[in-house]
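Taking it in order: structure first as structure tokens, then the write-up.
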There are 2 protein chains.
Amino acid sequence: MEGWTLVYEGFEPAQERLREALTSTGNGNFCARGAAEWADVDRVHYPATYAHGCYNRETTILGDRPVLNEDLVNLPNWLVLKLRIEHDPPFRLDGVQVLDYRHELQIRDATVRRFVRFCDAAGRITTLASQRFVSMADAHLGAIEWTITAENWSGEVTVITALDARVTNQGVERYRELEGRHLHPVASRCPEPDLISLIARTRQSRIYVAEAARTRVDSAEGTPEVERGLYHMEDYIHQTLTFRLERGVPTRVEKLVAFSTSRDRAINEPWTAVETAARCFGSYAEARRRHVRAWEELWSDCDLHLPGDARVQLLLRLHAAHVLQVCSPHTTDLDAGVPARGLNGEAYRGHVFWDELYVYPFLNFRLPKITRALLMYRYRRLDRARALAAEAGYRGAMYPWQSGSDGREETQVVHLNPISGRWDPDLSHNQRHVNAAIFYNLWHYYQATADQEFLIEHGAEMMLEIARFWASTAHFNPERGRYEIHGLMGPDEFHENYPDSPRPGLRNNAYTNVMAAWIADTAVRLLSLLPEEARERLRGRLELSDDEVERWRDLSRRMFVPFHDDGIISQFEGYERLEELDWDAYRARYGNVQRLDRILRAEGRDPNRYKVTKQADVILLFFLFREDELSAIFERLGYRYRPDTLRKNLAYYDRRTSHGSTLSFVAHAGVLAGLDPQASWERFLVALESDVGDVQGGTTAEGIHLGVMASTLDLVQRNYLGEQVRDGVLTFRPIRLAGLEGLTMPLRFRGGRLEVALAEGKLRVAVREGALNRSVRVAVGDEVRELAPGEHHAFDLG
Amino acid sequence: MEGWTLVYEGFEPAQERLREALTSTGNGNFCARGAAEWADVDRVHYPATYAHGCYNRETTILGDRPVLNEDLVNLPNWLVLKLRIEHDPPFRLDGVQVLDYRHELQIRDATVRRFVRFCDAAGRITTLASQRFVSMADAHLGAIEWTITAENWSGEVTVITALDARVTNQGVERYRELEGRHLHPVASRCPEPDLISLIARTRQSRIYVAEAARTRVDSAEGTPEVERGLYHMEDYIHQTLTFRLERGVPTRVEKLVAFSTSRDRAINEPWTAVETAARCFGSYAEARRRHVRAWEELWSDCDLHLPGDARVQLLLRLHAAHVLQVCSPHTTDLDAGVPARGLNGEAYRGHVFWDELYVYPFLNFRLPKITRALLMYRYRRLDRARALAAEAGYRGAMYPWQSGSDGREETQVVHLNPISGRWDPDLSHNQRHVNAAIFYNLWHYYQATADQEFLIEHGAEMMLEIARFWASTAHFNPERGRYEIHGLMGPDEFHENYPDSPRPGLRNNAYTNVMAAWIADTAVRLLSLLPEEARERLRGRLELSDDEVERWRDLSRRMFVPFHDDGIISQFEGYERLEELDWDAYRARYGNVQRLDRILRAEGRDPNRYKVTKQADVILLFFLFREDELSAIFERLGYRYRPDTLRKNLAYYDRRTSHGSTLSFVAHAGVLAGLDPQASWERFLVALESDVGDVQGGTTAEGIHLGVMASTLDLVQRNYLGEQVRDGVLTFRPIRLAGLEGLTMPLRFRGGRLEVALAEGKLRVAVREGALNRSVRVAVGDEVRELAPGEHHAFDLG
């Protein structure tokens, strides 16, 4: 299928981990990567599956090292299927002659297919085709189907099907010294001849995890006689299925697996729940039909169709599929956040950072119910965020930089530098800007949906508490006559403090201060948006005084923002006095300087000393806000915003940025869109290829970068089509880019269901008939149209 | 406070269980009843608290008896506070001379107060005032405050504060032979001097339950010196707090308890979660302030103010408070259903029956977000209901009569007859009418809210699957030219099958058949209400063919309804041929004949043989539908609905009804409202008093009757004010009743926030300014007004 299949031909052991990461499948509830399915063939035996329900802090103790935390709990490996031909040991790819090998992800239905044709030492030629998916219809179902064909022989084979709770976290090389065992054995059993099941418990968080697998065999010539054997221990169980293969007759083995944790709803306890579920899933074909239908529904809400560029099309769909596998309709009934690496890798230990900032813009306009549910992850942790603020001497709510299962701060305090092998101190928890991101997300969810109920019940409370937090970080400097914020850091992780300063944090990080000013202003406006009764209740509950609101208003007008003399926004106060780095020399010496911080530290140098940034947080301001919004913020603050402000700042920081975070390419692509579309498109392509190409050299295999994947979708919508909600009007300002020609995409806006198409100098917007029967206001530039269901309008792009 | 306090004066041991049931407090998450707080004083030591999160099937094995199930899991008892005066044994009420005793529930803030003044053997006079609540602001907080005053002495006292996981289910006499132990000990500890904590695990359902208690002592003269001692085992922990009481100086002991289960969200694991929470709750006074504010908000949404009758006012508020304690804002993030006895009794083992039918009408117009969340309890169990239907040979979804934690059928198959002491077979699982109730609830939730999103995402799917179920229970009888339903029973539990028939169920129960016809018609209409895209997706997912929809349409026109010759709707086909019972003779012999079934069975007679009903399900039709609705259903079916149909049927069945369910009084009160307001009011008063008066002799102490409590509120709204939603118009038809004069109540309708007031022959409806800014259409009789926010209209009642 054109634009729907990611294909790898040929067997390359060194690439298998990367391929598995990219072709993992999931459904918001759990995710599967499956080297183990192939019988340890490629020596990449890493945990196969994880569950949102199991994202939980697992304490790791490293001898005399500081305590670190792990949040990601393995599921027992359910993918294990092994094949024995006659009395040979189980088949391994490295023990046979591989004649053909193909590995692909069918993106449309998130199905992984693998095909191998091989000749063994006895000269028997066999083909093995594998297909597996994690159901988008049944939240607790994973399934694998094998088709085995003996090409030039007949004889007996044995398929070994197992559930294995002996898995450990070992998917990230540099975490291997950390405690990797998180499952405590409980029990396994075989309640029916074709069913095996197993239950384990997480060691620290006391979550029970259970799996049951039902295995069936059939062939074109009927169901062969199968002899079943059993082997089981507390934490491992397998069945052997022995049957005869007839030459040239494909024989199918299907394994349907039910998965559950003690956190699931509508269960009694997970062990019996999975056994009951496994009995109810029907055949592989039935389960698959439901799965395919569920994906069809998702694509009709989510597919960005871009016929002009096959590669871009493929990768946008790959990214959308990954986003939907982590943030799916099944997520809405879970207590799930947005982990940085999705569900399919151990890196960052499943912690929730700020990546939702990049994920929600896509979801808000497609499946806002998912955003709303994910925002509830924050609401449920509001009390904890209040406690964190209080402990740090602030008011309101301070969400942690790395949020663990109970919302506490899980940021590591030391960090292993793989270049030097040293553990360096890590001050990144000072990235309080996650609180600006959450506020921004809440506001933009509301802009896209006008979901007044959510705002009243949950959203406004979080927003006001975050506004209160930011106000409490600021103090008034009477000399300047302005508010300042000291001691924090921005998203650029290369700058944690001043060189040689013993104190963490910086003075007046521009990103932070501008966000705080915008938040203060928006919080005041928010109050007037609430119905009176709701506003008074909320103010009562929060004990929010008029004086406090007045201070916010003042803060939105008198926050300090540092500038260089020449109109450049200083990343933080004093940035201009840092040393310049000889970038060319470093590039010559090290090649890839993305992680310049590690290079410098390994050389004994402090990155804080230099004008170097991992991602320029000043540029992020231009990415998150439109120029009209940003100039309004600056003008309210009494600073001049000039026509060349964007261009000058971009030029200044681009030269000093290592793009150590792939998100940096996204921000630059977005900001460049209006200035230099072609340059923007090039950065966009870098971001698009970053996981598929594993540009950071190994990090993709540790888990995909969900924020980057999602932000490529957002770039198309927000930066290339120029989407912006202005006073309740869905506004577009498409830029001219050859690659966009023919783009069509579905979109939801404030209860309306739209189709947007860009072609031949026109942007056509249609409102679908029957979709909630709301009319919506749409604009291109200043031309505003109110469209009722069934209506459409083609805006001339002039 | 007038109309806000339920007061009991004087100590009556025999009444304490009833008092505790009525004055239990809860917050949707958990509930507390607390005889144990008084040191076993009244020998009523029953489990103190339960949690929604812990409603779970616990298998009970009775030797060689059939397996029964228990769904209610005790929490460890956290109420234990004991007082030792000097070196005496802990104070008990039966060991002292009680001088004064008062026990009250402050309904407004759901606070239980108890006051005792006593003189001990040594002549010391002491007063002990206790106040306790379960917080409506903090879902995981319970708190008790003791104030101890030594009136004529000074000396040392010791307060013992405990958490006790040794509790068992023993609150229902007739269940005592069943397995009552549901908690498995895990561990207890004392992590800080003023904090004790405990964790246990349920024996079958593997749920961890943890509690932590922080205890502080102070007095008007400062914090006394307190010596703390500790005693702990795996499943019990207590601290002793020894301090000096000065004569006449009131000394406060406050105990704040955090509670959590492993099913809670936003926690790591429950034991550390409760310890962290207990540290964060602040003082008793602070926790109480938040609690009181939360209740103020609830009352502003929910208070029915009825100034004309103090007793009715008090009981309506008591009932509203109980409803809100079981179905609270905290319930919305739980997987909670509506258990028949609320959260505060072991009777019916926490199972979910059909009581929500009586609870939702009140909530739909006040806090519809709670209804929506409770309806999700059903949605999450839809797959199980589908499996139940398939197992029984039906299609669609068949919800169980008694729903356990995982949605399976938990109805007992034998029932203990306390009169005979025998275990009789129990066929009540044939009460498939719960599926009619769920459909009805979904439809009425939608009528009240116009919540299109819920309908599309969840509601319609359940409704269509239930419609499909009912259609599959019907077969076409070509002789009659009509559809019939055989083998089921209606809500009247006295009739399970035909006398001497070996087969369970009846033919053509009128209630069932009329509901099935209405459901078939409504399901067809529902399809046209859905936006096209949503409809097609849903039909695709359900594989719902045009033929099937056509059959529903046919069924809505040709369902058979049995009648006697004289226009009486037969409860079921052949009812008129049953024997008449000599009611006077039975009343003379037995007094209360409400549970006539037990009486007859104890005499060796089969209730199925007689024209006797526990609650007349024919009458229920007139209760659930307005006459215009019912006549439309009958006319669509080709049956005549005559002006005297209601009156004749009511007279016929009233004579033959034992009102063995208190819900029967409600139905009769509702149906009588238009015919004979005074007679209706008398039944209403019976229903109002039924729990407070414990009219069934002991059942209230086993847990309040939530359906009856809620339905008294519904009677005021739906039957006395005559509320009905007709074509999107909120219509009232108030009846003339002296007791209603001056009634005011808040109400939400389709996003609007209204105030309704009945006085001096006028019904005044005001729409609050700012409440979502929707205008609503309101009518009295045929006078329809569209009211925008800020507007009001006084309808003349003529």
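So that the names make sense, note that chain A is the first sequence line, chain B the second, and so on, each numbered from 1. Predicted model, so just to flag it, every value in this text is computed and none were measured.
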Next on the checklist: If the threshold is 4.0 Å, N to carboxylate O, is there a salt bridge linking B:R380 and B:D335?
Outcome noted: yes
Checklist entry - With chain A, which of B:K369, B:R265, B:R386 has the greatest number of heavy-atom pairs at distances under 4.5 Å? => result B:R265
Checklist outcome for this item: Answer key: most heavy-atom pairs under 4.5 Å with chain B among A:G540, A:A390, A:C280 is A:G540
Checklist entry - Using non-hydrogen atoms only, which part of B:L455 is less than 4.5 Å away from chain A: side chain, backbone, both, or neither? => result neither
Checklist entry - Any idea which of B:M376, B:E296, B:R372 has the most non-hydrogen atom pairs under 4.5 angstrom with chain A? => result B:R372
Checklist entry - Charged N to carboxylate O under 4.0 angstrom, B:R290 versus B:E286? => result no
Checklist entry - Do you know which of B:P329, B:S300, B:A534 has the most heavy-atom pairs with chain A at a distance under 4.5 angstrom? => result B:S300
Item to check | Per-residue contact mode, A:L529 against chain B (heavy atom under 4.5 angstrom) | outcome: neither
Checklist entry - Considering only heavy atoms, which portion of B:R384 lies under 4.5 Å from any heavy atom of chain A: side chain, backbone, both, or neither? => result side chain
Checklist entry - Salt bridge check: are A:E543 and B:R293 linked by an N-O gap of less than 4.0 Å? => result yes
Checklist entry - Quick one: do A:E755 and A:R753 make a salt bridge, cutoff under 4.0 Å? => result yes
Item to check | Which portion of B:R201 sits near chain A, non-hydrogen atoms under 4.5 angstrom | outcome: side chain
Item to check | Which atoms of A:D451 approach chain B - backbone, side chain, both or neither, heavy atom under 4.5 Å | outcome: neither
Next on the checklist: At a 4.5 Å cut-off on heavy atoms, which part of B:R541 comes close to chain A: side chain, backbone, both, or neither?
Outcome noted: both
Checklist entry - Between A:E453 and A:I456, is there a donor-acceptor pair closer than 3.5 Å when you use the side chain of the first and the backbone of the second? => result no
Checklist entry - Taking the six-membered ring for Trp, are A:Y445 and A:F454 ring centroids under 6.0 Å apart? => result yes
Checklist entry - Is chain A contacted by the side chain of B:E457, its backbone, both, or neither, given a heavy-atom distance below 4.5 Å? => result side chain
Checklist outcome for this item: One option among A:R289, A:R535, A:E297 has the most heavy-atom pairs under 4.5 Å with chain B, and it is A:E297
Item to check | Parallel, tilted or perpendicular: rings of B:Y379 and B:H458 (30°, 60°) | outcome: perpendicular
Item to check | Side-chain (A:H184) to main-chain (A:R203) donor-acceptor, under 3.5 angstrom | outcome: no
